[in-house]
Amino acid sequence: MTNQEIAEIFEKIANLLEIKGEVIYKTLAYRRAAESIRNLAEDINKLHQENKLSEIPGVGKAISEKIIEILTTGKLEFLEKLEKEVPPSLIEVLQVPDVGPKKAALFWREAGITNLMELERAANTGELRQLPGMGEKSEKRILDGIKMYQRRSDRMLLGQAWQVANTWLDWLRSVPGVLRAEAGGSLNRWKPTIGDLDFVVSSNNPLEVMETFVNHKEVNRILSHGENKSSIELQSRTQIQLWIQPPERFGSLWQYSTGSKEHNVHLREHAQRIGYSLSERGIQDAQGNEILCAVEADVYQTLGMPWIPPELREDRGEIQAALNRCLPILLDPKGLISDLHMHSTWSDGRSSIEEMALAAKQKGLNLICICDHSASLGIARGLNKERLAEQRLEIDRVQQNVGKSLQILQGVELEILADGKLDFPDELLQDLDLVVASLHTSLRQPRETITGRLLMAIRNPHVDIIGHPSGRLLPTREGADLDWDIILQAAADHGVALEINSDPSRLDLDEIHARRAAEMGILMCINSDAHSFDALPITRFGISVARRAWVNPELVINTWPNEKILAWLGNRQVMAESIHPES
DNA sequence: GCCGTTTTCGGCCCGACTGTTTTCAGTCG
């Protein structure tokens with residue numbers, strides 16, 4: 001049973017209890033526990049063995065007993081009983097916009113509705129409007145909501161979301177009356193996947209700006225329209241929300257809209273403890289005096305702490321850290337000066353080595369490494385020994401052309417084969433400047449097998465970096481079922497760097513494991529894995545993973561000067577020569 | 001059900017918007 005599966009069980013309990021009408025704080029407790037289990041870096045089975053379940057935030061006596069029951073018996077009597085009381089198919093009804101626990105309970109108890117299909121039928125026949133508190137408009141809203149739910153678009157990937165968002169930000173900034181426009185929500189926190197887009201605007205003419213916003217030419221439907229807040233659905237099905245406050249309240253608004261919800265709840269609890277009340281409009285002290293916050297830092301300062309960077313605002317300890325004045329130092333988005341994994345036309349890239357090098361130089365990088373695929377990845381036209389030798393000549397030629405400000409290394413993205421062997425023999429590997437070893441095939445092997453494959457790569461002294469370690473593909477394909485305790489320990493023991501692959505559909509290591517790796521002092525490497533020259537800037541997304549994972553910049557080898565990287569590689573080379581892998 | 005710089009009991013975040021109501025409940029972020 002994985003952390004994810006346990007978290008889902010508690011989420012389900014929370015939903016069912018809410019419909020049942022249990023006191024709200026009990027359901028909140030289950031939801032909070034689910035969220036912190038989802039964010040755990042360590043395997044919950046291990047925490048159980050070590051008797052540390054109650055150290056998980058939000059997990060007390062009752063919930064840890066339930067976790068133990070699930071882990072030891074594979075089921076939970078409490079949930080089974082609950083499912084007999086409240087039909088679990090009602091949870092789907094909760095997914096419909098404007099339907100929450102109270103209405104779901106009303107539909108179920110008063111009209112016998114237990115699933116989405118029955119809800120739709122009741123709305124179509126006009127049965128819903130007969131219920132107390134319901135009317136014609138509510139009925140129509142629910143029908144629309146069901147349609148929206150059924151055609152809902154998947155969460156967008158971060159890269160695509162920023163593209164769309166930048167277009168909207170440009171437009172918003174051109175609207176008369178807009179003094180400032182910024183992205184809020186999960187986008188501003190650089191979360192790997194984004195649901196809706198959130199924007200915040202400062203303006204002294206909110207009505208006028210809102211009017212322009214909801215009449216934008218791409219709007220399909222207006223979901224809500226007020227003075228401070230409006231929400232629209234585009235023809236593309238993307239939903240956008242806009243908040244507006246005057247400039248003197250903009251800091252509070254931006255802080256509020258950036259979230260996360262959990263961060264804000266925790267922050268408000270803290271505010272309350274020290275005698276303040278916090279909202280998107282400002283802060284009130286105990287006497288009811290308003291403290292206006294024009295910038296976000298004012299909000300945090302009033303509450304007795306330094307400004308917390310948005311990427312940290314997930315309620316994963318950042319508020320306590322801020323209060324203790326020990327927020328982590330985060331990687332500067334401009335701090336990457338090398339990129340050690342990119343492709344070229346020599347395998348499946350679309351740009352020549354020269355084009356990649358020129359773009360890298362233009363971007364201000366000091367060092368790049370061309371890592372085309374090794375032979376066995378046939379679909380990517382992987383290189384063999386002979387073509388690698390030819391490629392070395394080409395790299396030397398390009399190096400001459402681009403000059404000394406950019407150093408070009410020759411590496412390889414080495415295939416870890418299904419049986420755990422590496423695609424190239426050691427003699428070939430030792431001639432390369434750098435080796436990135438990656439899994440691309442047979443990712444669904446059982447945990448022991450696939451962990452063993454990766455272990456063999458980590459233990460090979462010629463391997464410097466493990467590329468996109470889990471192999472996940474967002475938003476759909478989960479990563480391999482790795483035993484992370486073993487993998488991370490091996491990486492630490494062998495001084496191998498783990499890649500944070502910047503491709504928006506990978507972002508792998510993910511932030512959970514990157515944070516754990518950082519705590520263990522493991523080296524990491526943020527690479528573009530670019531397949532064309534114009535993809536080099538995507539390292540910004542890899543940087544966001546490192547920031548969200550609290551990674552100390554010193555552990556990120558792309559922040560090192562060339563000499564330090566070359567010395568690190570050199571040391572590994574010496575180690576490799578002194579070790580006989582078979583002995 | 002959880003939790004403690006006021007607490008081991010008694011609290012537990014805040015405001016905007018909508019629709020159905022004549023003052024508020026429900027939902028959402």
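Side-chain atoms are counted along with the backbone in the values below, which use heavy atoms only and exclude waters and symmetry mates. Residue numbering restarts at 1 for every chain, and letters A, B, ... go by the order of the sequence lines.
Residue A:S54 is the one, among A:E136 and A:S54, whose nearest nucleotide of DNA chain B lies closer to the 5' end (criterion: closest heavy atom). Mapping A:I56 and A:L131 onto DNA chain B by nearest heavy atom places A:I56 closer to the 5' end of the strand.
Taking the C1' atom of each, B:dT21 and B:dG4 are spaced 42 Å apart, rounded to whole Å. The separation of B:dT22 from B:dG26, taken at their P atoms, amounts to 14 Å, rounded to a whole angstrom. Atom name P, nucleotides B:dG11 and B:dC17: the rounded distance is 32 Å, in whole Å. B:dG1 and B:dT5 have their C1' atoms separated by 23 Å, given to the nearest Å. A gap of 12 Å separates the C1' atoms of B:dT8 and B:dC2, to the nearest Å. A distance of about 16 Å separates the P atoms of B:dC28 and B:dT20, rounded to the whole Å. B:dT6 and B:dC12: their P atoms are spaced 15 Å apart (whole Å). With P as the reference atom, B:dG15 and B:dC9 are 31 Å apart, rounded to whole Å.
Residue A:K66 places at least one side-chain N or O under 4.0 Å from the OP1 or OP2 atom of B:dG1. Contact between the side-chain N/O atoms of A:Y30 and the OP1/OP2 oxygens of B:dG1 is found at a separation under 4.0 Å. Side-chain N/O atoms of A:Q272 include one lying less than 4.0 angstrom from OP1 or OP2 on B:dC14. Within the structure, a side-chain polar atom (N or O) of A:S277 is placed less than 4.0 Å from OP1 or OP2 of B:dC14. Here A:S231 does not reach the OP1 or OP2 of B:dC28: none of its side-chain N or O atoms lies under 4.0 Å away.
As a whole-Å value, the separation of A:E35 CD from B:dC2 P is 17 Å. Atom CD1 of A:I24 and atom P of B:dC13 are 11 Å apart (whole Å). In this structure, the NE2 atom of A:H266 is 13 Å from the C1' atom of B:dC12, given to the nearest Å. The CG atom of A:L242 sits 11 Å away from the P atom of B:dC17 (whole-angstrom rounding). Atoms CG (A:N264) and P (B:dG29) sit 14 Å apart, rounded to a whole Å. Put simply, CZ on A:R273 is 19 Å from P on B:dG10, counting in whole angstrom units. Between the CG atom of A:L28 and the P atom of B:dG11 there is a distance of 17 Å, given to the nearest Å. The NZ atom of A:K61 sits 17 Å away from the C1' atom of B:dC9 (whole-angstrom rounding).
Distances from the side chain of A:Q241 to the nucleotides B:dG1, B:dG15, B:dG29 place B:dG29 closest. Nearest to the side chain of A:R141, among B:dG19, B:dC14, B:dC12, sits B:dG19. Here B:dG1 is the nucleotide among B:dG1, B:dG19, B:dC17 with the atom lying nearest to any side-chain atom of A:A62. The side chain of A:N228 sits closest to B:dC17 out of B:dG1, B:dG15, B:dC17. Here the side chain of A:A29 is nearest to one of B:dC2, B:dC13, B:dG29, namely B:dC2. Minimum atom distance to the side chain of A:S224 is reached by B:dC17, of the listed B:dG19, B:dG29, B:dC17. Ranking B:dG15, B:dT18, B:dC2 by closeness to the A:R281 side chain, first place goes to B:dG15. Side-chain atoms of A:K229 lie closest to B:dG15 of the nucleotides B:dC13, B:dT18, B:dG15.
Residue A:K137 is classed as a sugar-phosphate contact, given heavy-atom separations below 4.0 Å to backbone atoms only. When heavy atoms are screened at a 4.0 angstrom cut-off, A:L278 is found touching the sugar-phosphate backbone but no base atom.
Between A:F541 and A:W190, the ring-plane angle classifies as tilted under the 30° and 60° cut-offs. Aromatic ring orientation, A:F10 versus A:Y30: parallel (interplanar angle below 30°, classes split at 30° and 60°). The aromatic rings of A:F199 and A:W168 lie parallel to each other, with less than 30° between the two planes, well short of the 60° mark.
Across all strands shown, B:dT8 remains unpaired; no Watson-Crick or G-U wobble contact has both distances below 3.5 Å.
Using a cutoff of 4.0 Å between basic side-chain nitrogens and carboxylate oxygens, A:R249 and A:E290 are scored as salt-bridged. A salt bridge links A:R313 with A:E296; the closest basic N to acidic carboxylate O contact falls under 4.0 Å. One finds no salt bridge joining A:E77 and A:K81 here, because no Lys/Arg side-chain nitrogen approaches an Asp/Glu carboxylate oxygen to under 4.0 Å. Checked for salt-bridge contact, A:R129 and A:E139 meet the test: a charged N lies under 4.0 Å from a carboxylate O.
For B:dG15, the base has no donor-acceptor partner in the side chain of A:Y256 [N/O atoms by modelled type, under 3.5 angstrom].
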Contact list (N/O, under 3.5 angstrom) for nucleotides 22-27 of chain B vs protein:
| unit_1 | atom_1 | unit_2 | atom_2 | d |
| --- | --- | --- | --- | --- |
| B:dT27 | OP1 | A:G100 | N | 2.7 |
| B:dT27 | OP1 | A:G100 | O | 3.1 |
| B:dT27 | OP1 | A:K103 | N | 2.9 |
| B:dT27 | OP2 | A:K102 | N | 3.3 |

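Remark: side-chain polar atoms of A:S36 are paired, donor with acceptor, to backbone N or O of A:P57 under 3.5 angstrom. No donor-acceptor pair closer than 3.5 Å links the side chain of A:T27 to the backbone N or O of A:V23.
Here the CG atom belonging to A:L278 is positioned 11.5 Å from the CD atom belonging to A:E269, to the nearest 0.5 angstrom.
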